[in-house]
Structures are given as structure tokens and as C-alpha cells.
Amino acid sequence: MADLFGRGEKPEYLFWVGCAGAYDDRYKKVARAFTKILTHLNVSFAVLGKEESCTGDPARRAGNEMLYQMQALQNIELFKMYEVKKIITICPHCFNIFKNEYPDLGGNCEVISYVQLLDKFMDEGKLKLDASKLKNNRITYHDPCYLGRSNDIYDEPRSILKSLTTNYVEMDRNKSFALCCGAGGAQMFKEAEKGNKEVFIERTEDALKTNPKIIATACPFCMTMMTDGLKYKNKEEEIKNYDIAELIAISLEL
Amino acid sequence: MIKQIVFAIALLITLGAFTFTILRIISFFKLTKKAFPVRDFGKRFGVMMEVAFGQTKIFRRPVIGFLHALVFWGFCVILIGSIEMVIDGLFGTDKVLKFLGLFYDIIMASGDVFALLIAISILVFLFRRVFLHIKRFEGIEMKKISHLDANIALSIILFLMLSLLGMNSAYYSHTTLVGGTIEGVYPVSKFLSAIFSGLTTDSTLVQYEIFWWMHILLIFLFANMLPYSKHFHVFMSVPNVFLSRLEPLGKLPNMDNVTREVKLMMDPNTAFATPAAGAPIERFGVKDAEDASWKNYFDSLACTECGRCTSVCPANITGKKLSPRKVIMDLRARMKEKGPMLVKNGKDYTDNKSLLRDYISEEELWACTTCNACAKECPININHPTLIIDMRRYLVMEEGSAPGELKAVFSNIENNGAPWQYSSEDRLLWAADLEMNVK
């Protein structure tokens, strides 16, 4: 972003990579896949790179409002400095906090989740998906709480997946009834409280009941949890967990 | 005339007792903190029509939801008949609303049919509570008294419906016997009066009077029991839906007092511009009942303990201690305990207990994933996660107590701008050798 701005250029979108996209080895692949799709679609975008910082979501949901607001105000300053108008996120937690919570602190950008953007490109005919690549794969989708219940984004991921496979299958608990992966609200970063079971195992069992070949996710936390769940159930060889962006990249051979 | 006097006294006692209770509850509301400003009345009206009168969220469980919807819609219709009874009782009139004509017939007929449907639904509800062990009705927060409360309220509703049907059928048979005009239409009671035929005009009149008084006195009694029962939701749930938080479920309310602090920190110049001393120090987050907002407390009074929230809570499903229903019930219980003492002794009163720890443990609070399943499921739009987060805010900002791993996350965010301990210099490594469309 800094380079472009220095040259007096303004990209249409800021692609917010998020901490998981930048640092999590598995999720880096999602950030790469999504970048390839944007490039393939000729979308004008830039990333903040070293200037990007945590949105403050885990801090806020763990009760550290002070730290959240410091992060948020700094990020908002940065957006203002680079005259950011539209932000694309791959992480639903970043999406939710930018869209719903930053405006209270004066951060008013148009915030778009990558599934919304990709679905829009499909509707406009710019993104053409090839159902033949993944057609033999039975795919199920785990709704991230922060896309689904929190922001009512249920249809876009489904319409993408249904264009990728003719063998799409719903879990029993889906859409607004979906079960959390167990990692939201800063649970990702701590041991779970004592119980009979881990939430991600319960959710993985929901997914396994559909007898899938691929479990599709749309959130870095969900991805970590479902991947762990598959390992726990010794299913990681037969069943794969991919992000929706990765599935699109596969179908486009990017 | 005597009937009118007795009725007026009964009504006065009812209204007096009810006013006393409501004023008491209002005094507790005065202890609470502000929530959001209540605006957007049009939108609120829409939510109320959809969620309360349309019963849309109760239908998330279609079968039992349908029975509840029947009870709700029935109550709305029967309420008109009850208002008529109060007017008749006070002024010595008889079926005063009959001038409404066809509309009156429709109201009376549907009230009559609903009375039967409600009675059947209540029997199903009672059967479920007494004989079936529904998981959702259990939990550590569900004490013996909670079950008793539910069963008593259901029984009263059952008797309300039976007395209404008794009243209608006695009216029907008495009016038929004396050859008068029957005001209103009574499809169920007409059938019932046929079964109990063969009585004299005197005994049908006595029968009618007995059921009439039974019905209205049960209403008076019920109205005054409700505020002390979880069935207060009969009054509170429609207003609670009207007062719903209209923001997306994922949005947490901003803490403006923190914003002020943070802005001071980021720009020390403003420090001189704000008045330093004199202003009372506000507590960050929720520790005790009086730290909660009026909406949290409203939620707690409106809660029916149906347990739909807890039954979809991922933490609860997997055996962790958190139960969203318990959080809401605890707030109500704590206010009941401390509220009167605060009203009596002023806001500095302390009994060395608090909502946090004495009622809700840290373990419960830290188990929440903020997935919002509870809030989505709640038939009357209670918002549990905001209260849970407000209690975490107290723990973290006032006490500096959080699980160790989270403290590490805080310092990582502070120092590296990420929850993990990686250098911000490495933020672009994922994109190495990637062709990017930067233009």
C-alpha cells in the first residue's frame, strides 16, 4: 500500500490479510489462493504488508476493551492516511469487527467478505467456475459464526460451493443452527474449559456424518479446528479441509 | 349492586398490589446503567410484529413452537373478553362489547376455540414437564422451585381456560333456557352445554356466576403472581422484543469511557482539556447486578427459562459449565437479593457478595465462544453474549485477571500487533514469490 500510495496510485480495494493469513502456515495458503483469484480477475487491490496489525478482535472478546480500542484507533488512522474506501477480508472475525464495530470509533469503510465478493463476481459472470474439477467430491460446509449468525451471510458460500460440485451436502446443524467450531471469542488462543468433549470434535462429528470428501470452511479459526478434528478422528488422509478460496483456485487451476 | 361493589374492591386490591410490585421493579431499574438509546420505532414495531406476534423464533422448534403460538395467539384474543368482563363487573353491564357486531362474534368464537386449544397445549406442556425428561428443562440453574413455578403457572392457565369454557357453556345453556338472544358465537361451549343439559334456569345461572367469578379472580390472582414468577414473561416478552438490540448479533457495544481514556493516552494534549477531578470513577464492565444495563435486567425479567439458549450453546453441549440461561437467571436472582438493600441503604451498600463469583464463576465466563447461538435462538431476543463480555471486561480491566494464555495474547498484540509472537517484519512472508496484481 505504502509503495502504491507513494507513486500516487490508489487501488480500489484494501485486501486485509489478517494475522492468520500472514502467520498461520496452513492459512497462508488461503491468503495466497485468494490473491491468485483476485489477480486472475484483474481486481485492483493492495495489502498493507508490514503496516498491518491485529484488528483487536481477540482482545476485545476476551474483555480487553482498552487494547482493542488502541488497535482500532491506530488501524483507523492508517485507513484514513491511505484513503481506504473498501476493505476485503478473508477472516470473518476481521470482517465483523471492521463492519460492525469500527464505525463506533470513526472507521467507516465499505467492508466486504471475500465470499460476498466472489459470489458477486460469479453473478456478474466475471468468475466462471468449472464444476468438472471437483465434481466427484462430496463437499459439506461449516458455517463460521461470524459470517453466519453474526452477519447473516449464509447463501454466498453455498452458491459458490454448489457451482463447484454437484455433490454438495448439508450438515444437520447448518446455517443459523450451525454449531461453533469452538475457537471464537478468543478461545482459539487458550485451553478450553473442562468438559466432556472439545467443541471441535463435536463439530467434526457433525461433518463426518455427511460422509464428505471435503469439508469446506471460510474462516481461519474454523480451518484450524476442523483440521485438528480430522486428525483426531484419523480421517485426515481420506477427508480434506479446504477454504472456499482454495477450492476456487483448484477449479481455476491457479 | 353488591356484585359491582365486591368486584370493585377485588379490582382495587389487584391493581394496588400490582402497582406496588411494578413500582418496586422500577426502583430496581433505576439502579442499572444505560444501554442503547431507544430509537427507530418503526423498525422496532416491525420486529415486534414478526418475532412477538408472528412467533417466528419460537417456530425454530416447529412442533412445540406451534403449541406455544396457539397459546400466545389465544391469549391475545381472550384478553379482549377479559377486558369486557372487567367493564361488565364494574358497571353492572352484560356483554358490553356486543355492539361490535360481527367482530364480536368472531372474537368470542375464536376465544372459545382458543380456550380449548390452549387447554390441550397446556396439558401437553404439563405432561412434558412432569413425565418426560426433557434435557432442556434440566441444568444446575433449574432448581426444584423453578420446576414448581412452571407447573403452578401452567395449572393456573389450565384452570383459566376451563373456567372460561365453563362460563361460556353456562351462559349458552342459561340464555337458551330463558329464550334470550345469545350474544357472540361459541362453537366449543355450544357443544359442551349440550352435554350438561337438563338443568334448571336457576342452576345454570348459578353455574354461570360461579365460573364468571372463578375466571376473573384467577386472572387477578395470576396477574399478581406473575411478577414473582418466571411467567412474568407474559407481560415482559412483547416489550422485550420491542426493545431488542437492533444491531447485528456480532456487534459488541462500544465502551465510551474507554474511548475517552484511550484518546487521552494517544494524544496527551487533550489531557488538559478534560476536567480531571470531581467526576465519579466509573467501573469498567460488570461485576454486580447494578453494573448491568437496564436492558440486561429487562432481559432477565423477561426470561422464561425455556432453555433454548443453553441447548444450543457449544460450551454447554460439550459439558462445560457455561449455561447462558443461568447467566440471565443469576442476574435476576442477584438483583432480587441486592436490589432492595441498595434502594434502602443507598448505592454504596455492600453485602460483600457480587454477581461475579458468588453467582457466576470465571470458569463459566471464559467458556463462551461468543458464537451467538444463544442470542439467535432466544424466542424473545435476549442477548446473553454482551453481558458475558461485560463481565469479562470487568475481570480483565479492573482486576487484570484472565487465563495466562490470554494475557500472553494481549502482550503479543501490544508488542507485535498479532496474537502470536511473530515480528511484524515477517507479515508479508506469505506472499513471497507471489505474482500480485498491484496496480
Side-chain angles (χ1 to χ4, degrees), chain A residues 4 9 11 17 19 21-23 28 31-32 35 38-39 42-46 49-50 52-54 56 58-67 69-71 73 96 100-101 104-105 145-146 149-151 176 179-180 182-187 189-199 202, chain B residues 247-252 254-255 258-259 261-263 265-266 284-285 312 314-315 317-322 363 366-373 376 389 392-397 402-403 405-406 409-410 413-414 417-420 422 424-431 434-439:
Chain A
L4 282 181
E9 291 170 34
V17 182
C19 303
Y23 297 124
K28 277 180 195 171
R32 289 172 69 90
T35 308
L38 288 181
T39 304
N42 246 338
V43 175
S44 145
F45 75 99
K50 292 168 191 174
E52 203 183 277
S53 185
C54 175
R60 178 168 231 207
R61 283 170 169 73
N64 198 335
E65 180 78 0
M66 198 74 82
L67 180 55
Q69 291 202 9
M70 286 198 281
Q71 289 296 120
L73 288 170
N96 177 69
N100 296 322
E101 299 180 1
D104 282 342
L105 295 171
C145 307
Y146 276 79
R149 266 187 301 270
S150 285
N151 290 293
S176 69
L179 186 78
C180 176
Q187 299 291 336
F189 307 102
K190 63 185 256 301
E191 286 291 313
E193 272 56 39
K194 248 182 72 187
N196 318 322
K197 206 185 212 178
E198 297 289 343
V199 177
E202 173 92 7
Chain B
E247 273 128 359
L249 285 181
K251 181 188 169 161
L252 285 177
N254 200 60
M255 288 179 77
V258 172
T259 310
E261 298 272 329
V262 173
K263 283 189 170 159
M265 271 190 281
M266 292 171 86
F284 290 138
V312 294
I317 288 172
T318 53
K320 291 155 187 84
K321 275 202 180 136
L322 176 64
E363 187 179 344
W366 290 118
C368 175
T369 69
T370 70
C371 74
N372 279 301
K376 187 82 194 180
I389 295 296
R392 286 186 183 175
R393 283 168 168 175
Y394 175 81
L395 282 172
V396 170
M397 287 190 288
E405 305 106 307
L406 289 183
V409 166
F410 297 154
I413 294 176
E414 238 172 270
W420 298 287
Y422 293 113
S424 58
E425 289 300 309
D426 298 340
R427 267 216 180 249
L428 218 46
L429 291 182
W430 66 274
L434 199 65
E435 278 294 312
M436 271 211 228
N437 181 40
V438 278
K439 59 180 177 187

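In what follows, every heavy atom counts, from backbone to side chain, and hydrogens, waters and symmetry copies are set aside. Below, chain A is the first sequence line, B the second, and so on; all start at residue 1.
Residues B:E261 and A:M70 fail the side-chain proximity criterion, which asks for heavy atoms closer than 4.5 Å. By the 4.5 Å heavy-atom criterion applied to side chains, A:E193 and B:L322 are not counted as neighbours. The shortest side-chain heavy-atom distance between B:P248 and A:S150 does not fall under the 4.5 Å cut-off. Between B:T318 and A:N196 there is no side-chain heavy-atom pair separated by less than 4.5 Å. Looking at B:P314 and A:E202, their side chains never come closer than 4.5 Å, going by heavy atoms from C-beta outward. For the pair A:V17/B:R427, no side-chain contact is recorded, criterion being any heavy-atom separation below 4.5 Å from C-beta on. Looking at heavy atoms from C-beta onward, A:S53 lies out of side-chain contact with B:S424 at the 4.5 angstrom threshold. For the pair B:I413 and A:P58, the minimum side-chain heavy-atom distance is below 4.5 Å.
When heavy atoms are compared at a cutoff of 4.5 Å, B:M266 approaches chain A solely by way of its side chain, counted from C-beta outward. At a 4.5 Å heavy-atom cutoff, the contact between B:W366 and chain A is made by backbone and side-chain atoms alike. Only the side chain of B:V409 comes within less than 4.5 Å of a heavy atom in chain A; its backbone stays farther off. Of the atoms belonging to B:L428, it is side-chain heavy atoms, and not backbone ones, that fall under 4.5 Å from chain A. Contacts between B:F284 and chain A at a heavy-atom distance below 4.5 Å involve the side chain alone, from C-beta outward. Neither the backbone nor the side chain of B:A402 comes within contact range of chain A; no heavy atoms are under 4.5 Å apart. Only the side chain of A:Y146 comes within contact range of chain B, with at least one heavy atom under 4.5 Å from a heavy atom of that chain. Both the backbone and the side chain of A:E65 come within contact range of chain B, judged by heavy atoms closer than 4.5 Å. Only the side chain of A:N96 comes within less than 4.5 Å of a heavy atom in chain B; its backbone stays farther off.
The existence of a salt bridge linking A:K50 and B:E425 is confirmed by a sub-4.0 Å separation between a basic side-chain nitrogen and an acidic carboxylate oxygen.
Expressed to the nearest 0.5 Å, how far CD of A:Q187 lies from SG of B:C368 amounts to 7.5 Å. One distance of note links CG of B:L249 with OG of A:S176; it measures 10.0 Å at 0.5 Å rounding. Taking CG of A:N64 as the start and CG of B:L406 as the end, the distance is 10.0 Å to the nearest 0.5 Å.
Of the listed residues (A:E101, A:R149, A:M66, A:K194), the greatest number of heavy-atom pairs within a distance under 4.5 Å of chain B belongs to A:R149. Heavy-atom pairs under 4.5 Å with chain A were tallied for B:P419, B:A315, B:A418, B:P403; the largest tally goes to B:P419. Of the listed residues (A:E191, A:K28, A:E52), the one with the most heavy-atom contacts under 4.5 Å to chain B is A:E52. Per-residue counts of heavy-atom pairs under 4.5 Å with chain B were compared for A:L179, A:D104, A:L73, A:N151; the largest is that of A:D104. For the set A:C145, A:A192, A:G184, the entry with the most heavy-atom pairs within less than 4.5 Å of chain B is A:G184. Interface check for chain A: of the options B:L429, B:L434, B:N372, B:I389, the most heavy-atom pairs under 4.5 Å are formed by B:L434. Between chain B and the options A:C54, A:A183, A:C180, heavy-atom pairs under 4.5 Å are most frequent for A:C54.
A donor and an acceptor atom, one from each side chain of B:T259 and A:Q69, are located under 3.5 Å apart.
Taking the six-membered ring where tryptophan is involved, the planes of A:Y23 and B:Y422 are essentially parallel, since the angle between them stays under 30° and well short of 60°.
Remark: the backbone N or O of B:W430 is paired with a side-chain donor or acceptor of A:R32 at under 3.5 angstrom.
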